[in-house]
Amino acid sequence: MNQITLTRPDDWHIHLRDGPYLKQTVADASRVFGRVLAMPNLDPPVINSLIAGQYRDKIMPFARTQFYPLFALYLTEKTTPQDIERTKIDSDFIPAYKLYPAGATTNSKFGVNSIEKMYPIFESMEANDLVLCVHGEVTDSDIDVFDREKYFIDGVLSRIIEEFPGLRIVLEHITTEDAVNFVKSTSRNVAATITAHHLLYNRNALLEGGLNPLYFCLPVLKRDIHQRALIDAATSGDPKFFLGTDSAPHPRHEKEKICGCAAGCYTAHAAIELYAEVFDKFEAITMLEGFASHFGADFYRFPRNKDTITLEKINWEVQKEIKFGNDQLVPIKAGETLNWRIKSKQ
Ligand code: DOR
Ligand code: ZN
């Protein structure tokens with residue numbers, strides 16, 4: 001198949017950043033996606049609908065018309081059940097809250113130390129039908145970095161699901177076979193996003209031939225059997241798995257540091273094309289539409305987009321570097337050839 005038309009896709013997990021970076025991130029995201037769920041880990045974080053509304057006002061000038069940014073608010077230990085109720089009443093562009101275990105990732109210092117203390121908040125979210133988006137990793141330094149997702153699922157997430165069976169939960173950017181199996185077998189209120197980079201790469205990309213910071217992200221890339229389980233899940237047509245790029249730009253100098261490389265892969269410049277690459281390689285291009293355009297909207301209870309995009313199979317070269325405010329950004333597949341691109345409307 002050399003061409004495919006899809007309902008316009010949505011990205012249910014993206015980092016748009018702020019200030020001078022918005023021009024690039026928003027232009028890239030709105031090139032293809034109808035809706036994006038923007039993550040709140042700015043500094044200071046996006047903790048309420050007032051701040052989210054101001055953030056949206058900064059985003060819109062850089063977007064294609066008919067682009068609808070939605071926001072996940074940042075859960076902190078100061079969030080109250082009343083805040084949750086207010087969010088529900090105030091805004092139709094905030095379908096979710098994001099749970100960051102403190103210390104798990106970029107700007108998670110405002111996050112949660114004791115997840116059990118958040119139970120009254122989860123109760124209010126369940127009652128108000130707001131989705132809980134979860135960065136699913138424990139942060140204990142005695143737990144191996146490669147096992148942190150599994151420990152989170154077994155020790156934390158399972159309990160939340162048991163206590164709040166009506167709470168809709170998205171386990172974000174899953175990286176392991178354990179996560180795939182867990183999501184498949186647990187309550188229908190639990191789903192997962194899968195990034196393009198976790199489908200395209202395993203930990204060899206990060207470690208082989210010398211450390212390559214381009215591929216450092218969190219949760220970190222795992223071994224190939226896990227990559228294969230993610231590919232199987234994404235291409236299976238199971239509506240519990242849907243598109244969330246976790247496109248997370250960091251300027252080149254923050255990635256290419258001798259020590260302390262920033263975690264995150266930028267994929268928004270070619271997001272749908274990167275997914276198409278994987279789906280096509282595994283002879284599942286016809287499964288892309290459900291994953292990219294239907295299942296996320298259904299889970300979040302938004303209508304599916306009405307318009308379409310068309311992808312065609314033609315080689316093109318990804319730019320080596322992207323201007324990023326006053327900095328430079330190295331995108332995933334920089335300087336490499338991709339096989340799919342968006343067909344411009346005639
Ligand atoms: O790799 C990542 N980058 N993982 C995250 O969870 C956060 C993100 C970021 O904001 O840079
Ligand atoms: Zn993220």
Side-chain angles (χ1 to χ4, degrees), residues 10-19 21-22 24-26 28-29 33 36-46 55 69-75 96-112 131-139 145-146 148-149 152 169-176 179 191-203 205-206 211-222 230 242-257 260-268 271 274 296 324-325 327 329-332:
D10 301 312
D11 182 352
W12 295 100
H13 184 135
I14 193 168
H15 297 269
L16 295 174
R17 308 300 192 211
D18 203 358
Y21 296 153
L22 283 178
Q24 186 68 41
T25 57
V26 176
D28 281 347
F33 294 114
V36 297
L37 184 63
M39 291 296 130
N41 60 336
L42 307 181
D43 192 358
V46 180
Y55 188 29
L70 305 166
F71 298 84
L73 297 184
Y74 202 117
L75 276 180
Y97 272 80
K98 177 75 184 277
L99 172 68
Y100 288 105
T105 188
T106 311
N107 271 339
S108 58
K109 60 178 186 259
F110 310 98
V112 172
V131 173
L132 177 66
C133 300
V134 178
H135 183 110
E137 288 189 289
V138 296
T139 54
V145 168
F146 289 95
R148 289 183 181 183
E149 185 173 87
F152 186 91
I169 299 175
V170 179
L171 184 56
E172 299 292 340
H173 41 54
I174 57 169
T175 60
T176 57
T193 53
I194 305 181
T195 77
H197 46 284
H198 288 101
L199 294 174
L200 285 163
Y201 304 109
N202 59 58
R203 65 192 190 181
L206 179 66
L211 264 185
N212 191 334
L214 182 64
Y215 304 109
F216 179 58
C217 61
L218 288 169
V220 73
L221 294 170
K222 306 296 191 302
L230 297 175
F242 52 82
L243 187 155
T245 62
D246 197 20
S247 177
H250 292 277
R252 183 170 202 152
H253 63 267
E254 292 293 342
K255 293 284 293 170
E256 297 179 5
K257 263 184 177 169
C261 161
C265 297
Y266 192 67
T267 50
L274 292 168
F324 193 48
D327 300 308
L329 170 73
V330 184
I332 285 292

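Ligands are counted one by one from 1 in listed order, and the atoms in each one are counted from 1 as well. One-based numbering along the sequence shown.
For His13, the ring pair (Phe, Tyr, Trp, His ring centres under 6.0 Å) partners two or more places apart in sequence, or in a different chain, are His15, His173. By the salt bridge (Lys or Arg N to Asp or Glu O under 4.0 Å) test, Asp246 is found to be paired with no residue, residues two or more places apart in sequence or in another chain being considered.
Side-chain atoms of Tyr100 and Asn107 include no donor-acceptor pair closer than 3.5 Å. Between the side chains of Lys222 and Thr176, not a single donor N or O lies within less than 3.5 Å of an accepting N or O.
In this structure, Asp28 contributes its side chain and Ala268 its backbone to no donor-acceptor pair below 3.5 Å. With hydrogens and angles disregarded, a donor-acceptor distance shorter than 3.5 Å links the side chain of Asn212 to the backbone of Leu214. Not a single donor-acceptor pair under 3.5 Å links the side chain of Tyr201 to the backbone N or O of Ala196. Checked by atom type and distance alone, the side chain of Lys255 never pairs as donor or acceptor with a backbone atom of His253 at under 3.5 Å.
Within the protein, the number of N/O/S atoms found under 2.8 Å from the Zn ion (ligand 2) is 3.
Separating the CG atom in Asn41 from the OG1 atom in Thr106 is a distance of 6.5 Å, to the nearest 0.5 Å.
Protein residues with any heavy atom under 4.0 Å from ligand 1: His15, Arg17, Asn41, Thr105, Thr106, His135, His173, Cys217, Leu218, Asp246, Ala248, His250, Ala263, Gly264.
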